[in-house]
Each structure stands twice: as C-alpha cells, then as structure tokens.
Amino acid sequence: MEILTVSEMTSADQAAIAGGISGFSLMRRAGQAVALVAEALAERGRILVVAGRGNNGGDGFVAAAELAARGRDVSVVLLCDRATLKGDAALATAEWKGPVLPCDPAALGQPNLIIDALFGAGLNRPVKGDPFAMIEAMNASGVPILSVDLPSGINGDTGEVMGIAVEASATVTFFRRKPGHLLLPGRAYCGETDVADIGIEPDVLDAIAPKAFENIPELWADIFPSPQADGHKYARGHAVVVSGDTVSTGAARLAARAALRAGAGLVTVASPRDALAVNAAALTAVMVREADTPQQFAELLADKRLNACVIGPAAGVGERTRDMVRAALSARRGVVLDADALTSFADDPATLFAEIKKQNDPQVILTPHTGEFGRLFSGLQSGYPHASKLERARLAAVQSGAIVLLKGADTVIAASDGRAAITANAPPWLATAGSGDVLAGIIGGMLAQGVPAFEAACIAAWIHGEAGHEFGPGLIAEDLPEVLPAVLRNLYDELGIAY
C-alpha cells in the first residue's frame, strides 16, 4: 500500500475535488468515518471532540454532528473563536447545533471518549500555549482518545513529536497512511490505525506517483519466490556466508541456516582455515568450504552457481573483510553487507560506494543499524540533522548506489531511484543478539532465489518481523530460523500459493 507525504495527500484531495467531489463532501465522509469508529470505542457515555481551526477540526465537527444525530451525548471544545473558521471547516461548524466550549483543560470533564481533531498531519512547528496545555490534559485524563488523521503533535512526514503529542488509543486516517503513521516515535502514538475510504479514487495516484510504501506482502506478492514442482536445489540458488575466525563463527552459522530456511537451494559457509573444524562440527545441511584468503574466496566465487553472498556477521573488522567484500563485488553476485563489513569501511566509505557503483545494476544491500549508519554515512548525519529515517535511508541509497536497509523497529528499505518501504511488524522480541545476522541470512536466501535486491530486502524484513511474532517472548536468535517454516506456510496461505 502506498504511503503519501502530507503534500502528496493534499494533491490527492485536490485531484479528487477536480474530479467532481467537493471538499466538503470529503470532509463529511471523513467525519462520518470518525464517528463510526468512535461509537465502536465508546458504546455509551459522553464523547468530547477537541477541534482545531483547520480541516482537521472540521472533520471533528462533522463527527460530532453525526454522533449527536445518532443520539449520543456529545460536546465540542474549540481551539479558536468559531467566527474565525473558514472554508469547509466553517461549513462543518454550521451543521453543529450544540454548544462550543472554549479551549480550556477544565472543559474536558470526564467523558467516555475524546476525539482529537486539533491538528492532524500537517503540523510542522512545535506545539505551544493553549494547545500544549490541552494535549497535556487529554493525555493525563486516562480517557481513551481517538485521533483524526494523526495524533495531534506528530509530524506527518517524519513521525517526530513536535514538543508534545496526543497519546491516542486509535487513529482514523483517510485514503492512505502517511510516514508519520509508521515511523517511530509517531507510530507509537497512533494506537490502532484505521484507513477509511472517503471516496478518493486510486487513479489519483497516477499523477502523484508515490514511491514510498508500507512493507506488506501486497508490495512484493507478484515476485515472491515459491518452489516449482519440476524444480531442483540448483534452481533455488546457492548462497555463501563468510565466517569469522575460530571464536567468531556463530553469527555466520545463524545467517547460513536462515538463508537455507528462507529457500536457498544450497548454502555454504566460507570459513577461515582455523575455523573449519568448528564450523563443520556445528553444521549439517549447510556446507563448509575453506576461504582463508580473499583470493581463495574469489576462486570459490568463480563457480557461477554461487549467486549470493552474505559478508559481515562477526567477519572481523579490517583489511581481510574489506578484501572479501571487494572479491564479492567483483564477482557481480547478489551481496548483503552487514555488521563488520560495514564497519570495515567506516573510515573510507567512498571506496566501498565506488566499488558498488562500478557494477551494472548492482544487487547490493547494506544493512546498518543506527550506529553503523552513523559511522558509514557520517556526512548525512551532519548535513541533514533533521531528516527523517525515511529521508536518511533514501539519501544513503543515492550516495552508496546500494539498497539500504536501515534497521530498527521501523526498518526502512530504500533504493537509489527513490523507492522506499517502511516495515512496521517488528516485535520487541527481535532486540536480541544475533537477530540481525538472521535477517542478513534471510536476505541472502532471497537473493539466491533470484529476487531483485529491493524486493529481497523488503521480503526478508517482513518475514523477520513475522518470525519474531511467531515465537514471541523468550526469543533468541537461534529460534528465528526454526520458526520460518510456520511463517512461510502462513505467507503461502495468504498469497494463495499451494504447498
């Protein structure tokens, strides 16, 4: 599903109006959608609408009128003088026949539900004065809050808290989500988000051409790999994972097992000589080959059937890892660069980026967490201090020439052509040692099966999140590959793939 920035959503509204739907009709449908959710949240008792001066406040007035018409006890608090409202918001207030209370925290009382219609998604400045006090009182009330479009105080494009923000129990937005619904901390303020159809036709997106998406199966369903009845292991690709030395082999084995579970037909661990016995003793279905030097690794990759590489999990920071990366890039394979592979280039990222850009259509994925991102893209951190996570990942993709998967509870995947996806299904159980190694392996498994780099990263990030949910509390990284079969069965069912 597409994600629209605030300006893109404005363009969608304008296109719908140009197509014959009045702005007030859109507002009416939005307010009705809010009223429907409000009734489900509070089946009885008083409902209080806290309205602002713009269209968000207009949606709140429509919701109030709709609820009152259904016999509900509704009150409205307005941030400004009613006479100052203009346009569709003024039309909406004309339909409200009840009293309008002044913007005073004391006016909240003890309702059963508060509808937050103060600011919506367009806020781009810190909340101060009366609105600050009102939001503070709403949050302190202990009453469930339903936000209209986006919790007031959240920047719709970045998810940033603009000084203070409403802590909503639920949010109703319209037509499409915005980045602030999915990026943290904004997502944490939204509660459950419902996307309401207010009559805007999807074809308005043709002119907008959005390039940001929510990372859900709908995004990559058409390209998701599934084994064929007449297939064989070589048709499913062969992934290679580079191991660290004797005392640092576990991370590579985690990645290798994840790649195999994710569907790669074969997986090999490329091991230093001194770690061969350790890796061989711990692995069964995953093969082990000696790659003590970058030259040996390059010779291993001379076999064209080895079509995907994962380098970085506990590989060691230094020249050997840098040379392993160069060998993989020179072989023009699908390459996942994680952890130590990224840190090895922290002092000279331009060299890495130049090597990536030498490839024709590079299938390279960088998977930094926030700290690694800061080291590898330090210029972006200082040059764009207020950029959102989405914007930073896009800038990094352009700078590096690679797909950038910026990890976290709101993982962002970005390509240099502007495409980006935000992943919102990661549970807290994934914050455990080795979890990222498994993610790198799942990506490698997707690359081995011929999935293009952007989609491979998106699929892997989503599957990784679902695996965390599947296991739940007590999860350690070793558990993740073992729950992948259940996750994949559920996904096959969702996509209608026979198995």
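Just so you know, these numbers use all the heavy atoms, side chains as well, and skip hydrogens, waters and symmetry mates.
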> Between Cys458 and Ala421, what is the shortest heavy-atom contact and its length?
Replying inline: SG-CB, 3.8 Å
>> What's the separation between atom CG in Leu337 and atom CZ in Phe345, rounded to the nearest 0.5 Å?
In response: 8.0 Å
>> Nearest 0.5 Å, please: how far is CG in Leu406 from CD1 in Ile413?
In response: 9.5 Å
> At their closest point, which heavy atom of Val317 faces which heavy atom of Ser344, and how far apart are they?
Replying inline: CA-OG, 3.4 Å
>> Tell me whether the rings of Phe377 and Phe353 are parallel (<30°), tilted (30 to 60°) or perpendicular (>60°).
In response: parallel
> Would you call Arg320 and Asp323 a salt bridge, using N to O less than 4.0 angstrom?
Replying inline: no
>> Do Arg419 and Phe454 form a cation-pi contact, if we require the NZ or CZ to be under 6.0 Å from the six-membered ring centre and within 45 degrees of the ring's axis?
In response: yes
> Which atoms form the tightest heavy-atom contact between Ala461 and Asn425, and what is the distance?
Replying inline: O-OD1, 4.1 Å
>> Using a 3.5 Å distance criterion without hydrogens, assess whether the side chain of Asp157 forms a donor-acceptor pair with backbone atoms of Val6.
In response: yes
> Any salt bridge between Glu2 and Arg177, counting N to O under 4.0 Å?
Replying inline: no
>> Side chains of Asp13 and Thr10 only: does a donor on one sit below 3.5 Å from an acceptor on the other?
In response: no
> Can you tell which of Asn139, Asp116, Ile135 makes a side chain to side chain contact (heavy atoms under 4.5 Å, CB included) with Glu167?
Replying inline: Asn139
>> For the CD atom of Glu214 and the CZ atom of Arg176, what is their distance to the nearest 0.5 Å?
In response: 11.0 Å
> Within a strict 4.5 Å, meaning less than it, do heavy atoms of the Lys407 and Pro368 side chains meet?
Replying inline: no
> Would you call Arg322 and Glu319 a salt bridge, using N to O less than 4.0 angstrom?
Replying inline: yes
>> Checking Glu466 against Asn490: is there a side-chain donor and acceptor pair closer than 3.5 Å?
In response: no
> Do Glu482 and Arg261 meet the salt-bridge criterion of a basic N to acidic O distance under 4.0 Å?
Replying inline: yes
> Are His181 and Thr171 linked by a side-chain donor-acceptor pair shorter than 3.5 Å?
Replying inline: no
>> Within this structure, what is the CG-CE distance for the pair Leu301 and Met324, rounded to the nearest 0.5 Å?
In response: 9.5 Å
> Nearest 0.5 Å, what's the NZ-OG1 distance between Lys389 and Thr411?
Replying inline: 5.5 Å
> Going by an N to O cut-off under 4.0 Å, is there a salt bridge joining Arg273 and Asp245?
Replying inline: no
> Is the closest side-chain heavy-atom distance between Leu118 and Val148 below 4.5 Å?
Replying inline: no
> Judged by modelled atom types alone, do Glu372 and His369 share a side-chain donor-acceptor pair under 3.5 Å?
Replying inline: yes
> Is a side-chain donor or acceptor of Thr321 paired with a backbone partner of Gly318 at a separation under 3.5 angstrom?
Replying inline: no
> So do the side chains of Leu41 and Pro144 get within less than 4.5 Å of each other, counting heavy atoms only?
Replying inline: no
> Of all heavy-atom pairs between Ser226 and Ile497, which one has the smallest distance, and what is that distance?
Replying inline: CB-CG2, 3.7 Å
> Just by distance, with hydrogens left out, do Thr249 and Arg253 show a side-chain donor and acceptor under 3.5 Å apart?
Replying inline: yes
>> Could you check whether any side-chain heavy atom of Lys304 comes within less than 4.5 Å of a side-chain heavy atom of Arg333, counting everything from C-beta outward?
In response: yes
>> Just so I know, are the side chains of Val166 and Phe119 near enough to count as touching, which here means a heavy-atom distance under 4.5 Å?
In response: no
> Would you say the side-chain atoms of His464 and Thr423 include a donor-acceptor pair closer than 3.5 Å?
Replying inline: no
>> Could you report the tightest heavy-atom contact between Gly444 and Val310, atom names first, then the distance?
In response: CA-CG2, 3.9 Å
>> Atom CG of residue position Asp206 - does it have more than 12 heavy atoms of other residues, nucleotides or ligands inside 6.0 Å?
In response: yes
> Is Gln295 atom CD crowded by more than 12 heavy atoms from other residues, nucleotides or ligands, each under 6.0 Å away?
Replying inline: no
> About how many Å separate CG of Leu376 and CG of Leu366, when rounded to the nearest 0.5 Å?
Replying inline: 6.5 Å
>> For a 4.5 angstrom cut-off between non-hydrogen side-chain atoms, does Ile311 reach Val336?
In response: no
>> Walk me through whether Ile3 and Leu182 qualify under side-chain contact (heavy atoms from CB on, under 4.5 Å).
In response: CA-CA 9 Å; Ile3 299 169; Leu182 300 172; 3.3 Å; yes
> Do Phe132 and Pro126 have side-chain heavy atoms sitting under 4.5 Å apart?
Replying inline: no
> What closest approach, in Å, do Ser152 and Gly120 show between heavy atoms, and which atom pair accounts for it?
Replying inline: OG-N, 4.0 Å
>> With side chain to side chain donor-acceptor pair (under 3.5 Å) as the test, pick out the partner of Lys178 among Asp149, Thr158, Thr5, Asn155.
In response: Asp149
> Side chain of Arg394, backbone of Arg392: donor and acceptor closer than 3.5 Å?
Replying inline: no
>> Quick one: does any side-chain atom of Asp340 pair with a main-chain N or O of Gly316 as donor and acceptor, under 3.5 Å?
In response: yes
> Do Leu475 and Leu480 have side chains that get closer than 4.5 Å, going by heavy atoms?
Replying inline: yes
> Under the 3.5 angstrom rule, does the side chain of Ser169 hit a backbone N or O of Ile145 as a donor-acceptor pair?
Replying inline: yes
